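Here the structure comes first, spelled out in structure tokens, and everything after it is commentary.
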2 protein chains.
Amino acid sequence: MTAMLQIAPIAHEALSTRSRVAWPVIEGGKPRETTDPMTAALQSIGTVMKFKRNAAVFSEGDPARCVYKVVSGAVRTCRVLMDGRRQIADFYLPGDFFGLDWQAEHGFTAEAIADAVVVSYPRSQLEQIAETKPAVQKLLMSMLCKGLSSTQNHLVMLGRQTAQERLAWFLLGLMARSDDNTNLDLPMSRLDIADYLGLTIETVSRCVSEFKRKHFISVAGTHQVTLRNLDALEALASGEAEI
Amino acid sequence: MTAMLQIAPIAHEALSTRSRVAWPVIEGGKPRETTDPMTAALQSIGTVMKFKRNAAVFSEGDPARCVYKVVSGAVRTCRVLMDGRRQIADFYLPGDFFGLDWQAEHGFTAEAIADAVVVSYPRSQLEQIAETKPAVQKLLMSMLCKGLSSTQNHLVMLGRQTAQERLAWFLLGLMARSDDNTNLDLPMSRLDIADYLGLTIETVSRCVSEFKRKHFISVAGTHQVTLRNLDALEALASGEAEI
DNA sequence: CGCAAGTTTGACGTACATCAAGTAGTGTGG
DNA sequence: CCACACTACTTGATGTACGTCAAACTTGCG
């Protein structure tokens, strides 16, 4: 509630890693960024940073000084309760912006799911640009609105959907973000999925098995999923009757 | 996903009601609005509207043409699944703005909880004002950010908290919104609370009884609650150990 | 290869949902 | 003022979806 304005710097723990790891396949997908006004205006003020798997980009309570964009890899924002329960608010894939809190402090911790490259944009400079360029201002607003809207959908899912409905919703959401390709690469672990969907790892695993049995999906190597029956998945995700 | 741009007008069903009902006691509380730049700029473009209990201010899928402010009464935003399951995204009390979707369509339905008076501001005019007055622009951004932040907190609660923790969180949230007065008026029904917290009406009722038994709260007439042990409630709400 | 981390599967427990009666509150008309 | 109905809330008995605990199985990197 009270903004404490702590002076702790943005977490740079894993900034200088140069590990030669294969980037997640996700990066092979079509780049989400075309030549929008934002990209041009932002190129100059961005700083490239690298993070190893599980390294924090920023932590809950850090002063919200920057906005970030995923270049490669993937990022999650989450909060951990005192007894270890964790809720993931969102996943960010290449091209996605995150950390747009625009308040005194970040309310969530952001961590790299897989080794990630991220560009950071100082908020102060971003605000300057926005004041002179209404197009950028509007883009910021629209990004915030999209975030709000997706968070609200997440809310409904967590409040009222069953485990199977949650998983179907999750898979279709991922599909929509990867140009409606039914071949999905899940950069995150089962635990991440569970904490995103408000379930346990075991329940997620059981639902995946159930979907395989019903031929809704097929799985290769636990991180490659192919959606095989979109109609059935969509019926589940939107809260229609069980089969 | 696809913006259909339907031409249906904003719901005006209950606009012209003039029923002489006692307004909820909430209105007696301190007005949340001081003389901010927004208020001045907005006074001219606002339209006052009245809604009877349960009347819709706007419905899911309506074109998002206006932003609204509660003058008196209370409003909820919710979504109903096909089989009747309902999730309430937020409650809005006098002074609160709602409907700030800033997208093609409203993602949720907004309904009056108690008979309500609301001011509507056309988005087109609001955008004009914002372009010339950066202060208004910033206020819009900050309102959006606050909404996002509160939705994210809601998310964690729905994903990872127990029934008792949810109720404690809810009561403390209401308290914070009413100038930290421990005497709360709940304008909403037990069903509304249940649908906000992702529970059933019976579970909410049982938790209220449990809190009474433990002397965390005392209740008069089902809608007047007094918080009697803030420490215990805060410990619960933030996910500390059970007692 | 070989180990450690991640995932799946099974047996069992529990918090919350569901179903079903009650018991306030609230408003209406005599 | 009470009788009536109606809606909202509470309480109890029982069910179930998902969590927990524990053991096997896979996967993938050193």
Side-chain angles (χ1 to χ4, degrees), chain A residues 19-25 52-54 81 83-87 113-115 157-168 185-195 197-213 217-225 236 239 242, chain B residues 19-22 24-25 52-54 81 83-87 113-115 157-167 185-195 197-213 217-225 236 239 242:
Chain A
S19 55
R20 215 71 225 82
V21 198
W23 298 114
V25 197
K52 289 186 97 152
R53 188 167 127 85
N54 292 327
L81 303 185
D83 60 358
R85 284 174 288 177
R86 187 179 70 153
Q87 178 63 45
I113 289 172
D115 293 11
M157 187 278 288
L158 287 178
R160 290 301 182 210
Q161 310 249 109
T162 66
Q164 290 198 24
E165 288 168 347
R166 292 177 198 214
L167 184 61
D185 274 287
L186 313 183
M188 65 293 286
S189 69
R190 292 284 186 273
L191 182 58
D192 283 331
I193 298 176
D195 286 344
L197 298 180
L199 300 169
T200 59
I201 190 172
E202 293 94 333
T203 301
V204 170
S205 188
R206 275 184 250 270
C207 286
V208 168
S209 301
E210 181 77 7
F211 280 7
K212 280 198 284 191
R213 219 167 302 131
I217 63 175
S218 55
V219 179
T222 77
H223 288 282
Q224 314 283 325
V225 174
L236 266 179
E242 303 274 320
Chain B
S19 55
R20 217 71 223 80
V21 199
V25 195
K52 289 185 96 154
R53 190 167 125 86
N54 292 326
L81 303 185
D83 59 359
R85 282 175 289 178
R86 186 180 70 151
Q87 178 63 44
I113 288 172
D115 294 12
M157 187 277 290
L158 287 178
R160 289 302 180 210
Q161 310 249 109
T162 66
Q164 290 198 25
E165 289 168 347
R166 293 178 197 214
L167 183 62
D185 274 287
L186 312 184
M188 66 292 286
S189 69
R190 292 285 187 275
L191 183 58
D192 284 331
I193 298 175
D195 285 345
L197 298 180
L199 300 169
T200 60
I201 190 172
E202 292 96 333
T203 299
V204 170
S205 188
R206 274 185 251 270
C207 286
V208 168
S209 301
E210 182 78 5
F211 280 7
K212 281 198 283 190
R213 220 168 301 132
I217 62 173
S218 55
V219 179
T222 74
H223 287 282
Q224 314 283 326
V225 175
L236 266 179
E242 303 274 321

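Everything quoted here is computed from the prediction, not taken from an experiment. Per chain, numbering begins at 1; letters A, B, ... match sequence-line order.
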Any donor-acceptor N/O pair under 3.5 Å between D:dT20 base and A:R206 side chain: yes
B:R190 CZ to C:dT26 P, straight-line distance once rounded to whole Å: 12 Å
Non-hydrogen side-chain atoms of B:L167 and B:R206 separated by less than 4.5 Å: no
Sugar-phosphate, base or nothing in reach of A:S205, heavy atoms under 4.0 Å: base
Nearest to side-chain heavy atoms of B:S189, which nucleotide of C:dA17, D:dC9, C:dT8: D:dC9
Side-chain H-bond candidate by donor/acceptor type, A:Q87 with A:D195, under 3.5 Å: no
Nearest-angstrom distance from the residue atom CD of B:Q161 to P of C:dC16: 11 Å
Presence of A:T203 side-chain N/O under 4.0 Å of D:dG19 phosphate oxygens OP1/OP2: yes
Whole-Å distance separating the CG atom of B:D195 from the C1' atom of D:dA8: 15 Å
Base of C:dC19 paired with side chain of B:E202 (donor-acceptor, under 3.5 Å): yes
Whether over 12 other heavy atoms sit under 6.0 Å from B:R53 CZ: no
Side-chain heavy-atom pair B:R86, B:L191 within 4.5 angstrom cut-off: yes
Nearest-angstrom distance from the residue atom CD1 of A:I217 to C1' of C:dT8: 13 Å
N or O in side chain of A:H223 less than 4.0 angstrom from C:dT7 OP1/OP2: yes
Spacing of B:I193 atom CD1 relative to D:dT10 atom P, expressed in whole Å: 9 Å
A:V225 side chain near A:K212 side chain, heavy-atom distance below 4.5 Å: no
d(CG, A:L199; P, C:dT7) in whole Å: 15 Å
Touch class at under 4.0 angstrom, heavy-atom based, for A:G221 against every strand present: sugar-phosphate
C:dT9 phosphate, OP1 or OP2, under 4.0 Å from A:S209 side-chain N/O: yes
Distance test, side-chain N/O of B:T222 to OP1/OP2 of D:dT10, below 4.0 Å: no
Residue-phosphate contact under 4.0 Å: B:R53 side-chain N/O, D:dA8 OP1/OP2: yes
Rounded distance (Å) that lies between atom P of C:dC16 and atom CG of B:L197: 12 Å
Length of the CD-P vector between B:Q224 and C:dT26, whole Å: 10 Å
